[in-house]
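Note sheet for the following structure.
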Amino acid sequence: MKKAIRKVLVVNSGSSSLKYQLFDMKTEARLAKGLVERIGAGGPANHAEALAKVVADLGELANGIDEIGHRVLHGGEVFKDSAQMTKANMAKAKKLVKFGPLHMPANLGGIEACEKIFKGVPNVGVFDTAFHIATMPDCAGMYAIDPKYCKKYGIRKYGFHGTSHKFITQAAAKFLKKPLAKVNLVTCHLGNGSSLAAIKNGGVVDTTMGLTPLAGLVMGTRCGDIDAAAVLSIMESEKKSPAEMDRILNKESGLQAVGGVKGGDCRDLCAKAAKGDRGAELALEMLAYRTALYIGAYNTIVGGADAIIMTGGIGENSSEVRARIVKRLGALGIKLDPKANKVRGEIAVVSAKGSKIPVVIIPTNEELMIARDTVRVLAK
Ligand code: ADP
C-alpha cells in the first residue's frame with residue numbers, strides 16, 4: 001500500500017545553529033519547524049548531538065522520514081544542480097571547503113550526522129550556487145584576470161542565494177502565467193545579505209554576488225562592490241593581514257558602518273533616518289541606489305524583464321526601501337502604487353497600473369525549495 005504522506009526533512013546546518021523543517025511533500029504542508037542553537041558553545045557539542053535533539057523534538061514525527069534535503073553553501077563548478085550526497089559526491093563537496101571555511105564543514109557535518117541517525121534515508125545537497133552556475137555565461141561569470149589564476153584556484157563568480165532566486169523565479173512564472181522557460185526577470189533578494197539575479201528564459205545570466213557573498217549590493221555589514229585597489233590601499237596603510245581585511249569588509253562595513261547601526265538592521269536604519277540622522281539616510285540611499293543601478297543593468301541584460309521581483313526580509317517588508325528603489329526607476333517607466341506598497345510578507349503587485357514593468361513582492365521559501373529539489377533529484 002502506498003504511504004499517505006511523503007515526509008521530507010530539510011536541514012540547514014550552520015556553524016553554530018541547526019534549523020530544520022519537516023514537510024509532507026504530497027501536499028507541501030509543513031509538519032514541523034525548529035532550531036537548535038549554540039552548537040559547540042554551551043549547547044550540543046557537535047552536529048550529531050544537535051540532530052539527536054531534533055529527533056527528540058520531533059518525537060513521533062521523526063519516524064518514517066523518506067528523504068532529507070540539506071542547504072549547502074558552495075557547490076563550486078562541480079554541482080550545477082542539487083545532488084544526492086553519495087560517497088563520491090561527499091568527496092567532491094569536501095574539496096570545496098576552502099570556499100566556505102565557516103559554513104561548509106557545518107553543512108557537510110549535518111549530512112554525515114543524518115547518515116548515521118537516519119540510516120538508509122537518502123540525503124540531497126541543495127547548493128546555494130547551483131542555480132547561477134548552471135546557466136551563467138562566461139562573459140558574466142569570469143573575472144578579467146590572467147585565466148591561469150582562475151583555473152588554478154577556481155576563481156570566478158559563483159553567486160549565492162540561488163535557492164531563493166530559483167524559488168521566486170518559479171513562483172513568478174506561475175504568477176505571471178508564463179512558461180518557466182520563457183520568463184525574464186530581475187529578482188531582488190534583499191535581507192541581511194542581499195543579491196540580485198538577472199533571469200533570462202528561466203535561468204540565471206548574471207548575479208551580483210561573486211566568488212564569495214561579499215560582492216554586489218551594500219548589505220548589513222558587507223560593503224558589496226568596491227575597487228580592489230581601495231582594499232589593497234587600506235591593507236598597506238593600516239598594515240592589515242588578509243584575514244583582518246576580510247573581517248573589516250564582511251563584518252564591519254555596509255549599512256552598519258555608514259549608518260552607525262549595529263548589524264545594519266533596516267528597521268533601525270529607517271527609524272534613525274526618520275529622525276534626521278544623515279549617516280542613516282546615506283546608508284539607505286546607498287542601498288536603494290545600487291539596487292536600482294543593478295535593476296537597470298539587468299533589465300537590459302535580460303532583454304526587458306516581464307517583472308521585477310522583490311523578496312527577503314527587506315524586500316518583503318520594507319515599504320520605505322521599496323519606495324526609495326522604485327523612485328529611481330522612472331526611466332524604465334516603472335511607477336509605484338503607494339497604497340499597494342504598504343503590503344507586507346505576501347504575494348502582491350506594488351507597482352501602479354500604468355507601470356511599464358510590474359514590481360511584484362513574492363515571499364521566498366528556501367526550505368520548501370530544498371524539499372522540492374530533494375524529491376525531484378531522488379525521483380530521477
Ligand atoms: P537574512 O539575510 O539573515 O535571512 P532577512 O531576509 O530576514 O535576513 O532580512 C533581515 C532584514 O530585513 C533586516 O535588515 C530587517 O531589518 C529587515 N526587516 C525585517 N522586517 C522588516 C520590516 N517590517 N520593515 C523593514 N525591514 C524589515
Side-chain angles (χ1 to χ4, degrees), residues 10 12-21 33 35 37 71-73 100 102-103 106-107 126 128-129 159-168 171 187-197 207-209 212-224 250-251 253-275 277 279-288 290-291 309-326 336 338 340-346 348 350 361-370:
V10 172
N12 184 348
S13 177
S15 51
S16 67
S17 71
L18 190 152
K19 289 185 219 152
Y20 67 91
Q21 293 195 16
K33 173 184 175 173
L35 164 72
E37 284 182 291
R71 177 179 178 246
V72 183
L73 175 79
L102 213 67
H103 294 92
N107 299 160
V126 177
D128 242 22
T129 47
F160 298 85
H161 289 143
T163 310
S164 177
H165 288 292
K166 185 170 168 179
F167 179 87
I168 57 174
T187 53
C188 313
H189 178 111
L190 308 175
N192 272 326
S194 300
S195 67
L196 262 62
T207 187
T208 55
M209 284 178 170
T212 75
L214 178 59
L217 302 174
V218 181
M219 300 174 235
T221 62
R222 291 174 229 160
C223 62
N250 274 293
K251 304 249 158 85
S253 300
L255 303 173
Q256 167 177 282
V258 179
V261 157
K262 195 160 186 304
D265 189 280
C266 177
R267 279 164 294 197
D268 299 343
L269 266 179
C270 289
K272 208 173 165 190
K275 285 187 194 141
D277 184 87
E281 176 63 28
L282 176 61
L284 286 170
E285 282 299 283
M286 281 172 128
L287 167 64
R290 209 176 285 178
T291 305
I309 311 294
M310 296 204 181
T311 199
I314 298 173
E316 291 169 31
N317 298 301
S318 180
S319 318
E320 173 164 355
V321 171
R322 288 195 301 249
R324 284 178 188 254
I325 294 167
V326 175
L336 204 67
N341 186 41
K342 287 194 180 128
V343 75
R344 271 186 55 189
E346 55 183 276
V350 296
I361 311 302
I362 298 186
T364 195
N365 192 339
E366 289 165 283
E367 292 77 13
L368 180 57
M369 190 69 241
I370 292 173

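Read the numbers this way: they start at 1 and go in the same order the structure lists the ligands and their atoms. Here the structure is a predicted model, which is why all the values come from computation and not from measurement.
- Contacts of Glu320 with ligand 1, taken as heavy-atom pairs under 4.0 Å, are absent altogether.
- Considering backbone and side-chain atoms together, Gly313 places an N or O closer than 3.5 Å to an N or O of ligand 1.
- Panel note: side chain Thr364, backbone Gly312; no donor-acceptor pair is recorded below 3.5 Å.
- Backbone and side-chain nitrogen or oxygen atoms of Arg267 are examined, and one is located within less than 3.5 angstrom of a nitrogen or oxygen of ligand 1.
- Residue Gly193 approaches ligand 1 through these ligand atoms, each under 4.0 Å from one of its heavy atoms: 2 (O).
- Using a distance-only test at 3.5 Å, with no hydrogens or angles considered, no donor-acceptor pair links the side chain of Thr221 to the main chain of Gly263.
- No side-chain donor-acceptor contact under 3.5 Å links Arg71 to the backbone of Asp128.
- Taking distance alone, with nitrogen or oxygen atoms compared against 3.5 Å, Asn192 approaches ligand 1 more closely than that limit.
- If you check which protein heavy atom lies closest to atom 21 (C) of ligand 1, you get Asn317 CB, 3.5 Å.
- Of the possible polar contacts, one joining the Thr208 side chain to the Leu196 backbone as a donor-acceptor pair under 3.5 Å is found.
- In this structure, the side chain of Asn250 does not engage the main chain of Arg222 through any donor-acceptor pair within 3.5 Å.
- Not one N or O on the side chain of Thr187 forms a donor-acceptor pair closer than 3.5 Å with the backbone of Ile309.
- Atoms of ligand 1 lying under 4.0 Å from any heavy atom of Arg344, numbered from 1 in the order shown and given with element: 23 (N).
- Nearest protein heavy-atom neighbour of atom 16 (O) of ligand 1: Asp265 OD1, 2.7 Å.
- Ranking the protein heavy atoms by distance from atom 17 (C) of ligand 1 puts Ile314 CG1, 3.7 Å first.
- Here the side chain of Asn341 pairs a donor or acceptor atom with the backbone of Ser319 at under 3.5 angstrom.
- The protein reaches atom 8 (O) of ligand 1 closely, with a heavy atom under 4.0 angstrom from it.
- Using modelled atom types, one side-chain atom of Arg322 and one backbone atom of Glu316 make a donor-acceptor pair closer than 3.5 Å.
- Between Cys266 and ligand 1, an N or O atom pair is found at a separation short of 3.5 Å.
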